[in-house]
S.K.: 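Take this structure, written in structure tokens, and hold onto it; I'll ask about it next.
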Amino acid sequence: MSRHVIVTGASRGIGAAIAEFFIAAGDRVVALSRSGTGPEGCALVLAVDVTDSSAVNEAVKRAVGELGPVDVAVINAGVTKDGLAMRMSDEQWREVLSTDLDGAFYCARATMASMVRARQGSIIFIGSISPFIGVPGQANYAAAKAGLVGLARAIAKEVATRGVTVNVVAPGLIETEMTSELGAAKDSMAAMIPMGRIGQPADIAGVVGFLASNHARYITGAVLCADGGLSLGQ
Ligand code: NDP
């Protein structure tokens, strides 16, 4: 049966690959991003800044009005603003926390109500292995992504009896616009990946597809690392 899937940050990178995965499976995908673009075949593409809770609520209301209850919410929109903590500005800290953590909460809250009413659904947050391995320059990002784990596990218990699962996928180093600016640091990180290659957005889309599927119906509150072994350490 065709599911109603909302993907945030679907204009490019990992979010676009996730949207394409569900479209290929015959699902109805709603793509959200600031630019309001999304891959071909989306049922609805909306320009929404996830840091604006009213805009998020409005977008989800419109999606539910047009496509019915939300079956899957993939909360993927995120940004980085790297810098050493000692020199990190308030703005650098706030921008990352407000997009990657506050925005994720707004999207989860807005989509959860429809799932709880329908007594089924799946919320999947896109986290990161950054908080687990400790990446210099990512205090803001690591704090936001670590926060997502607590957020997901608390919500997972709140909605477990309603048939709604809540999980986190934690990618390692993935080839997207976000990592294109890393330059030489990217090559040295790539050299530490046990599987010997940087991940592709499709590597993450497959994991999300699994967590949204019936095969994963007994998994909730889990953090699934998809990182080629990078978080195993040296
Ligand atoms: P990209 O920079 O390629 O894409 C980010 C997406 O988020 C874009 O669609 C962007 O669209 C959207 N976005 C950013 N800010 C907002 C906002 N305020 N409101 C709505 N949409 C927003 O990043 P990736 O695809 O690499 O990353 C996707 C997710 O995966 C992020 O959460 C990231 O932290 C996580 N991740 C990525 C890794 C990697 O190596 N690439 C590793 C681990 C985790 P627009 O600009 O149009 O708003």
Side-chain angles (χ1 to χ4, degrees), residues 6-21 29-39 42 45-60 73-82 91 94-108 110 123-135 137-138 140-149 151-152 168-183 185-187 189-190 192-193 197-205 207-208 223-228 230-231:
I6 293 185
V7 183
T8 73
S11 61
R12 58 174 187 268
I14 294 171
I18 292 167
E20 281 161 2
F21 179 98
V29 173
V30 178
L32 307 184
S33 66
R34 286 169 305 189
S35 58
T37 59
C42 286
V45 179
L46 298 173
V48 178
D49 185 332
V50 297
T51 65
D52 178 346
S53 68
S54 311
V56 168
N57 290 341
E58 276 308 306
V60 172
V74 186
I75 299 172
N76 161 80
V79 291
T80 49
K81 279 278 173 248
D82 291 2
E91 290 70 31
R94 275 262 46 96
E95 183 180 344
V96 172
L97 268 289
S98 65
T99 306
D100 298 22
L101 186 57
D102 298 358
F105 169 66
Y106 300 149
C107 294
I123 297 175
I124 298 153
F125 292 99
I126 305 302
S128 167
I129 60 161
S130 179
F132 310 128
I133 62 174
V135 180
Q138 292 203 324
N140 48 1
Y141 185 71
K145 295 296 190 181
L148 275 188
V149 175
L151 172 64
V168 179
V169 174
L173 186 63
I174 309 297
E175 194 78 67
T176 67
E177 228 169 89
M178 183 178 273
T179 50
S180 64
E181 297 154 7
L182 288 173
K186 186 165 155 189
D187 297 334
M189 261 182 104
M192 293 190 293
I193 301 171
R197 71 170 175 90
I198 293 176
Q200 294 302 313
D203 293 320
I204 305 306
V207 182
V208 170
V223 180
L224 244 167
C225 293
D227 63 354
L230 183 56
S231 59

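When a ligand or atom number is given, it counts from 1 through the structure's own listing order.
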S.K.: Give the atom numbers and elements of ligand 1 that come within less than 4.0 Å of a heavy atom of A77.
M.R.: 7 (O), 13 (N), 21 (N), 22 (C), 32 (O)
S.K.: I'd like to check which ligand 1 atoms, numbered from 1 as shown, lie under 4.0 Å from a non-hydrogen atom of D49.
M.R.: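 Taking each heavy atom of D49 in turn, ligand 1 has 17 (C), 18 (N), 19 (N) under 4.0 Å.
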S.K.: Only heavy atoms of V48, strictly under 4.0 Å: list the atoms of ligand 1 that pass.
M.R.: 19 (N), 20 (C)
S.K.: I want to check something: taking the side chain as every heavy atom from C-beta on, are P201 and T176 in contact at a cut-off of under 4.5 Å?
M.R.: yes
S.K.: Scan the side chains in residues 8-16 for donor-acceptor partners under 3.5 Å anywhere in the protein, sequence neighbours excluded, and list what turns up.
M.R.:
from, atom 1, to, atom 2, distance (Å)
T8, OG1, N76, N, 2.8
T8, OG1, A77, N, 2.9
R12, NE, E177, OE1, 3.4

S.K.: So is G127 touching ligand 1 or not, going by heavy atoms under 4.0 Å?
M.R.: yes
S.K.: State, yes or no, whether a side-chain contact exists between Y106 and V50 at a heavy-atom distance under 4.5 Å.
M.R.: no
S.K.: Please identify which atoms of ligand 1 are closer than 4.0 Å to at least one heavy atom of V79.
M.R.: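 Answer for ligand 1: 14 (C), 15 (N).
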S.K.: Taking all atoms of both residues into account, what is the closest heavy-atom pair of A59 and V48, and its distance?
M.R.: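 Here A59 and V48 meet closest at CB-CG2, 3.5 Å.
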S.K.: Ignoring hydrogens and geometry beyond distance, is a side-chain donor-acceptor pair present between S98 and D102 at under 3.5 Å?
M.R.: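 No, no side-chain donor-acceptor contact under 3.5 Å.
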S.K.: With respect to atom 32 (O) of ligand 1, which of T80, N76, I129 exhibits the smallest heavy-atom separation?
M.R.: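 Among T80, N76, I129, the closest heavy atom to atom 32 (O) of ligand 1 comes from N76.
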S.K.: Do E175 and K186 sit within salt-bridge range, that is, some charged N less than 4.0 Å from a carboxylate O?
M.R.: yes
S.K.: Is the shortest distance from a heavy atom of E175 to ligand 1 less than 4.0 Å?
M.R.: no
S.K.: Considering L230, I174, T37, L32, which one's heavy-atom position lies nearest to atom 39 (C) of ligand 1?
M.R.: I174
S.K.: As an exercise, identify every atom of ligand 1 less than 4.0 angstrom from a heavy atom of T179.
M.R.: 39 (C), 40 (O), 41 (N)
S.K.: Which heavy atom of the protein is the closest neighbour of atom 12 (C) of ligand 1, given with residue, atom name and distance?
M.R.: G9 CA, 3.6 Å
S.K.: Counting heavy atoms only, which of A47, G172, A59, S128 comes nearest to atom 38 (C) of ligand 1?
M.R.: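 The residue whose heavy atom sits nearest atom 38 (C) of ligand 1 is G172.
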S.K.: Just need the protein heavy atom nearest to atom 3 (O) of ligand 1, so name the residue and atom and give the distance.
M.R.: R12 NE, 3.3 Å
S.K.: Only heavy atoms of E177, strictly under 4.0 Å: list the atoms of ligand 1 that pass.
M.R.: 3 (O)
S.K.: What's the shortest heavy-atom distance between T37 and V45, and which atoms?
M.R.: C-CG1, 3.5 Å
S.K.: Does ligand 1 have any atom sitting under 4.0 Å from a heavy atom of T8?
M.R.: no
S.K.: Among all the protein's non-hydrogen atoms, which is closest to atom 36 (N) of ligand 1, and how far away is it?
M.R.: Y141 OH, 3.4 Å
S.K.: In the protein, which heavy atom is nearest to atom 23 (O) of ligand 1, and how far is it?
M.R.: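 Checked against all protein heavy atoms, atom 23 (O) of ligand 1 sits closest to M178 CB, 3.5 Å.
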S.K.: Sequence neighbours left out, what passes salt bridge (charged side-chain N to carboxylate O under 4.0 Å, His left out) with E20? Give chain and number order.
M.R.: none
S.K.: N/O of V50 under 3.5 Å from N/O of ligand 1, yes or no?
M.R.: yes
S.K.: Is there any N or O on S11 that sits under 3.5 Å from an N or O of ligand 1?
M.R.: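 There is such a contact, yes.
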